[in-house]
Amino acid sequence: MTDPYEPQSFEPGWAQRWESEAVYAVPDDPGGKPKRFVMEMFPYPSGDLHMGHVENYTIADAMARYWRMRGYCVMHPMGYDAFGLPAENAAIKRGIHPQDWTLSNIAKMRSSFLRLGYSYDWAREVISCLPDYYRWNQWIFLEMYRRGLAYRKTSPVNWCPVDKTVLAKEQISTGVCWRCGSVPEVRDLTQWFLKITDYSDRLLDDMDQLDWAESLLTMQRNWIGRSQGAEVVFKMKPDGSDETRDFPVFTTRPDTLWGATFFVLAAEHPAAAEMVAGTPQEGEYQAFVDDIRRQSEIDRLGAKGAGRGMRLPAVAINPVNGEEIPVWAADYVLMGYGTGAIMAVPAHDQRDFSFARKHNIPIRVVVQPDGEEPMDGDTMTEAAPGTGVLVNSGPFTGTRVDPQTQEGILDVIAWLDRQGLGRRQVNYRQRDWLVSRQRYWGTPIPIIHCPFCGEVPVPEEELPVLLPPQADYTPTDAAVSPLANNSDFVNVICPKCGGEARRETDTLDTFFDSSWYFLRYCDPQNDQAAFRPEKVAAWGPVDNYFGGVEHAVMHLIYARFFTKFFKDIGLLEFDEPFLKLFNQGHVSWDGKEMSKSTGHVIEAAAVIDAFGADSARTFILFSSPPAADYDFPADGYGEIGRVANSWLSRVWRILQDPSGEPVPDALNRQVHRTVKAITADMEEFGLNTAIAKMMELVNAFSKAGGPVPREAAEKFLRLLAPIAPFMAEELWHRYGNTDSVHRQPWPDYDEALAAVENVTMVVQVNGKVRDRMEVPAEISADEMKELALGSARVKEYLNGNEPLKVISVPPKLVNVVVR
RNA sequence: GCCGGGAUGGCGGAACGGCAGACGCGAUGGUCUCAAACACCAUUGGGCGAAAGCCCGUGCGGGUUCAAGUCCCGCUCCCGGCACCA
C-alpha cells in the first residue's frame, strides 16, 4: 500500500528541522575542506517572494547543494538590500514608515525562503537598512573621503516644483512627476561623488581574472570606454573681439584635423552661456538649453533628439592650418565626456555628418578610402570613418591611416606634440559615481558642514549617524532632502571648532550598500569593524555569484571598485570579488515584468500552497534552461505547477517501497549512465536537462516493473536531493536511514558500466540519411566505411560508380559523397 | 541612438559543425472503470504515398563546408542595460 504524495504533510517539518539544527551553518574558517562561497544577488524586499526570485534562488540552491555533496564546505548566505526608493514611495502613498514596511516585507520573504528549503546559513543574514550594517557604510565613506576618493561637485537633478522634491528617473518615467503630474525642472545641486575613475584602468585590466560571460565583460569594457587619442588645443574667438581663449578638445582621430569644418560645445557648456550673455541670442539660447536639459541622455542622443543645434557668435581656430570655423552648441556633445567640446569632422564621423547635413555645414574629405572613387563631401551619403589615405592634410597628405591599428595616427600625434599643438591622451567614458541622494530612506552621509572649518568628517566614535526614526519623510517647502526638515538631526556642533554647524542631509545611493555586503557575510555580527580581514581571507572571494544580467554594469563595477579599494587599504588580499558569475534568465508573466507595485506578480507562496515547495522548485528549473528568460503563460502557474507535481507524485509512487533485490544488470548500467550524464550537466549548470535525465531513469524504473532495488533508489534520491530536497529527505528517512540525505556524498559511477556497447551508425549519402546500422561503440573509421559502402541503400545511390569521398566520424556517422 | 543577448513543433524546450525536435506538456486513439478521475499503453513537425519511401522544415536573405539550428556577411522582430528602480 502506498501513501499518496502530500508534500504539505512533510515539507514544513523538514524545513523547521533543517533550520533548528542549523544543517547548513558553516564555521568562520572552512578548515581542511575545500571552501566554496556561493551566493545570489540579495533581493530588494519589495513584498513577498515571487517566481522571478524563485528562479534565481533555486538555481543557486541546487548548485550549492550539489557542491556540498561533492565535498565542498559551502557557505551560502542570504540578506536584504533594504534601503531604497520603493519603501519611501509606499510610505508616502500609504502612511507606513519605510522601516516598518521594509522589515515586514523581509519577514515575509524570509518565511518563503524557509518554506522553499533554501540551504542558507541563517546566522549570517545581513539587512542593509539596520544601523549595525549601515554604520560601516559610513565608516567606508569616511575612509574614502580621507583618501580623497569622495568629493563634492555640482550636478543637475530633476526637481518637482509642486511637491518640492528631487525626482528619480523612475518617478518621471512618463515625463511628468509621478505624484502630481507636473513637469519637472532641472536644478543644479552640490552632491557627493566617488572617484571611481581612479580605478578605471584596473577595472579594465583585471577583467582577465574573471570567469564571466564574454558578453558581460564586453559590456563592462564599453561602459568604462577607454579610448586612445589626443588632446588638441583650438583657440576660440568671440565675434567682434580679438581676444582668444584656449579650448582643448579630445579626439580619437587627430589625423582628420584638416577636415574639421565646425566646432561644437556641449549645449549646456558655461562658455556657450557666456558668449551669448547680453546679446540678442540670449533668450533663444536659454530656451534651447532648457529643452535639452529636460531630456535624459538617452533621448538627447537617441532617435528623439540628436541633431538640435544653435550657431554661437564665435569662431574657433584650427591649430593645424589657422582656419576659422563656426562654433555651435549641440545636444549630441556632452558636458561630462572629454572636455565638453569637440572638433567636428563630418566627412569621417557619422554624428558630425548628420549634424552638418541638417545645418548645411560644409563637408570636407580628408581620408580617401582604399579602392574607391575619390569622395566628394557634397554628394556623400554617410561618413567614411574607416581606413584610407590622407588627402588635403598639409604635411600628412599621402599618409596611410588606420583607426584599428593606429597606423599613421600616432605619427600625427607625435607631430602635434612637437608643434606644441596637442598631446597624446587617454579618455574614459566612465564618470565618477554620484552617490548623493536627497532621500530619507538611505545611509546618512557622515559629514558635518561648518561655516568655519568647512567639510568635517563625523568622528569615528560617533558613528553611526542614525537615521532619525521619527523623521518626516514627506517633502516640504525649501527642503532638498526630507532630513533637512529635522532640526534635531541637522543642527550639530562642529567636532573641530565646537561652533554651530549643519549635518549633511543627503543619503547614500543604495548601490553603496550592495558593493560590499558579500564581505559582511563573512563576519556579520562584528561591532568593531566592517569585517575582520582574517575572516574574509578564509572565505573570500566569492566563488560563484548568481544574478541577473541587468546588473552587468553598475552593481558589478561598483562592487569590483570597492574590492580594489579595500585591497588598497590593506583589508583584503584579493583584487576581484566574484570569480565566477552566472547570469540567470529573466522571468516575466504574459510578456510583462513582474511587479509588486502593480500587482502583476506570481507569488511564490501561492505556488507552494497549491503544489508544495519541491514542485515549485522542480518546475521552475525544468521549464527553461537556467540562463534563458522564461515567460509564464497568461493563465499563470496552474498548468505548469501541476505538471511538476504529477511527476514528483510518480517518483513518490515508484520509489516509495524499494526492494532488497540486487539491481539487474541492464538497469544498473542505466543508473551508472544517468549518474555520469547528470554529473556532467550539473558541472555546466544544466539543471533542466539533469531533470530530463532523471525523468528518463524513472521511466526505466517504471518499465522494469515491480519495486525498485534499494541501491538504485538511493542513488536516485541523491541525484534528486539538490532539486527536490524535501522529497529526497523524506523518502531517504522512510528507507530507514537516520542521517540527512543532504549530508551524503554525490553518487559516483563506474566508467565501464556507464559506457554504451552499441550505437546506431547513421549512413548518409550527400548529407542525407539513407540508412542506419547497429555497430559496436569502438568501431574504427575504416570498418564504418566498409559497412556503409556495403549498404544496399548506398549502392542504389552509387549506381555502380566510385564515391567521390567518404567521411567517417566514428562511431556515429558516415557520409558518402557521390557524383 | 549606442552596448549586450535572443528567435527551433500547438506550448516549455533538447541537440561536441554530424540522425533536428531528447525530456515534458497538450492533442488523438486505446486499456482499466457502471462512469469519471488517476494510472498505464500507443501515435503525434508539415506535405505526398497503399507501402517501401520521397520532398520540405530551426525568424528573413545570402555565403562557407562532404555536412549548418550551430560558423561568416546583411536584415527583421523581441528582451536587458545606458549612470536617481534595484
Side-chain angles (χ1 to χ4, degrees), chain A residues 41-44 46 81 83-86 89 155 157-158 166-173 191 213-223 225 296-306 332 336 351 429-439 509-511 513-514 548-555 557-558 583 585-586 588 591 593 595 597 619 622-625 627-631 633 639-640 642-644 646-647 649-650 653 686 688-689 691-696 699 702 760-769 772 793 803-807 809 812-818:
Chain A
M41 290 180 184
F42 65 168
Y44 179 78
S46 56
D81 190 10
F83 274 137
L85 188 62
N89 289 348
S155 181
V157 293
N158 291 300
V166 174
L167 295 170
K169 200 172 74 184
E170 195 192 49
Q171 294 173 315
I172 47 170
S173 56
Q191 308 197 70
E214 196 50 47
S215 60
L216 200 135
L217 295 176
T218 301
M219 280 191 261
Q220 292 215 346
R221 259 182 221 111
N222 293 342
W223 174 270
S296 73
E297 244 171 57
I298 298 166
D299 291 342
R300 171 174 175 172
L301 299 176
K304 298 177 204 165
Y332 76 101
R351 285 163 310 173
R429 204 186 72 94
Q430 183 175 39
R431 309 197 281 259
D432 278 340
W433 174 12
L434 173 89
V435 292
S436 276
R437 295 292 180 272
Q438 293 71 41
R439 309 204 167 276
D509 179 5
T510 57
F511 276 122
D513 313 351
S514 54
V549 72
E550 68 271 19
H551 292 292
V553 285
M554 304 187 79
H555 163 59
I557 286 198
Y558 297 148
N583 292 119
H586 184 256
S588 56
E593 169 108 37
S595 153
S597 61
F619 97 62
F622 183 61
S623 58
S624 78
D629 292 345
Y630 178 73
D631 188 40
E639 174 65 21
I640 192 167
R642 191 187 55 69
V643 165
S646 83
W647 180 67
S649 300
R650 179 174 157 86
R653 204 168 49 242
N688 57 327
T689 50
I691 294 171
K693 281 156 197 164
M694 287 182 214
M695 288 174 168
E696 288 181 85
N699 291 345
S702 171
T760 302
M761 175 182 104
V762 167
V763 182
Q764 296 183 334
V765 176
N766 288 344
K768 286 188 188 291
V769 181
R772 290 188 169 83
R793 297 294 325 278
L804 282 180
K805 202 173 183 183
V806 180
I807 288 106
V809 186
K812 286 194 282 195
L813 177 138
V814 178
N815 188 13
V816 180
V817 185
V818 302

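Labels below follow one simple rule: chain letters A, B, ... track the order of the sequence lines, proteins then strands, and each chain is numbered from 1. Note that the structure is predicted; figures quoted are calculated from it, not measured.
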- Message: Can you tell me which nucleotide in B:C79, B:C55, B:A86 comes closest to the side chain of A:Lys768?
- Response: B:C55

- Task: For the side chain of A:Glu696, starting at C-beta, report the closest nucleotide among B:A22, B:C84, B:A86.
- Result: B:A22

- Separation of B:C82 atom C1' from A:Gln430 atom CD, nearest Å, is 13 Å

- Roughly how far apart, to the nearest Å, are B:G59 and B:G6 at atom P? 13 Å

- Note on the structure: The nucleotide from B:A86, B:C23, B:G26 with an atom nearest the side chain of A:Arg642 is B:G26

- Message: Using a 4.0 Å heavy-atom cut-off, does A:Glu214 contact any base of the nucleic acid, only the sugar-phosphate backbone, or nothing at all?
- Response: nothing

- Expressed in angstrom and rounded to an integer, what is the separation of A:Phe511 atom CZ from B:C85 atom P? 8 Å

- Query: Is A:Leu85 touching bases, backbone alone, or none of the nucleic acid, heavy atoms closer than 4.0 Å?
  - Reply: sugar-phosphate

- Note on the structure: Against the side chain of A:Val643, the closest entry in B:G24, B:C82, B:C3 is B:G24

- Message: By the 4.0 Å heavy-atom rule, please label A:Asn699 as base, sugar-phosphate, or nothing.
- Response: sugar-phosphate

- Message: Any N or O donor-acceptor pair under 3.5 Å from the base of B:C85 to the side chain of A:Gln171?
- Response: no

- Determine whether any donor atom in the side chain of A:Asn815 lies under 3.5 Å from an acceptor atom in the base of B:C66, or the reverse, and answer yes or no. yes

- Message: Walk me through whether A:Val814 and A:Val809 qualify under side-chain contact (heavy atoms from CB on, under 4.5 Å).
- Response: CA-CA 6 Å; A:Val814 178; A:Val809 186; over 6 Å; no

- Query: Counting any heavy atom closer than 4.0 Å, what does A:Val816 reach on the DNA or RNA strands: base, sugar-phosphate only, or nothing?
  - Reply: nothing

- Among B:G12, B:C19, B:A86, the nucleotide that comes nearest once only the side chain of A:Tyr630 is considered: B:G12

- Message: Need one value for A:His555: base, sugar-phosphate or nothing, where a base atom within 4.0 Å counts as base even if backbone is also close, heavy atoms only.
- Response: nothing

- Message: From CE of A:Met694 over to P of B:G24, roughly how many Å is that when rounded to an integer?
- Response: 14 Å

- Looking at every strand, decide which applies to A:Trp223 at a 4.0 Å heavy-atom threshold: base, sugar-phosphate, or nothing. base

- Item | Whether A:Phe511 and A:His551 hold their rings parallel, tilted or perpendicular, with breakpoints at 30° and 60° | perpendicular

- Message: Just to be sure I understand the rule, does A:Arg351 reach a base, reach only the sugar-phosphate, or reach nothing, if contact means heavy atoms closer than 4.0 Å?
- Response: nothing

- Touch class at under 4.0 angstrom, heavy-atom based, for A:Pro625 against every strand present: sugar-phosphate

- Item | Interatomic distance, A:Met41 CE vs B:G80 P [rounded to whole Å] | 16 Å

- Can you check whether A:Asn688 has a side-chain N or O nearer than 4.0 Å to OP1 or OP2 of B:A14? yes

- Message: At less than 3.5 Å, do the side-chain atoms of A:Glu550 and the base atoms of B:C82 form a donor-acceptor pair?
- Response: no

- Query: If you look at every strand shown and take non-hydrogen atoms under 4.0 Å, does A:Val553 touch a base, only sugar-phosphate, or nothing?
  - Reply: sugar-phosphate

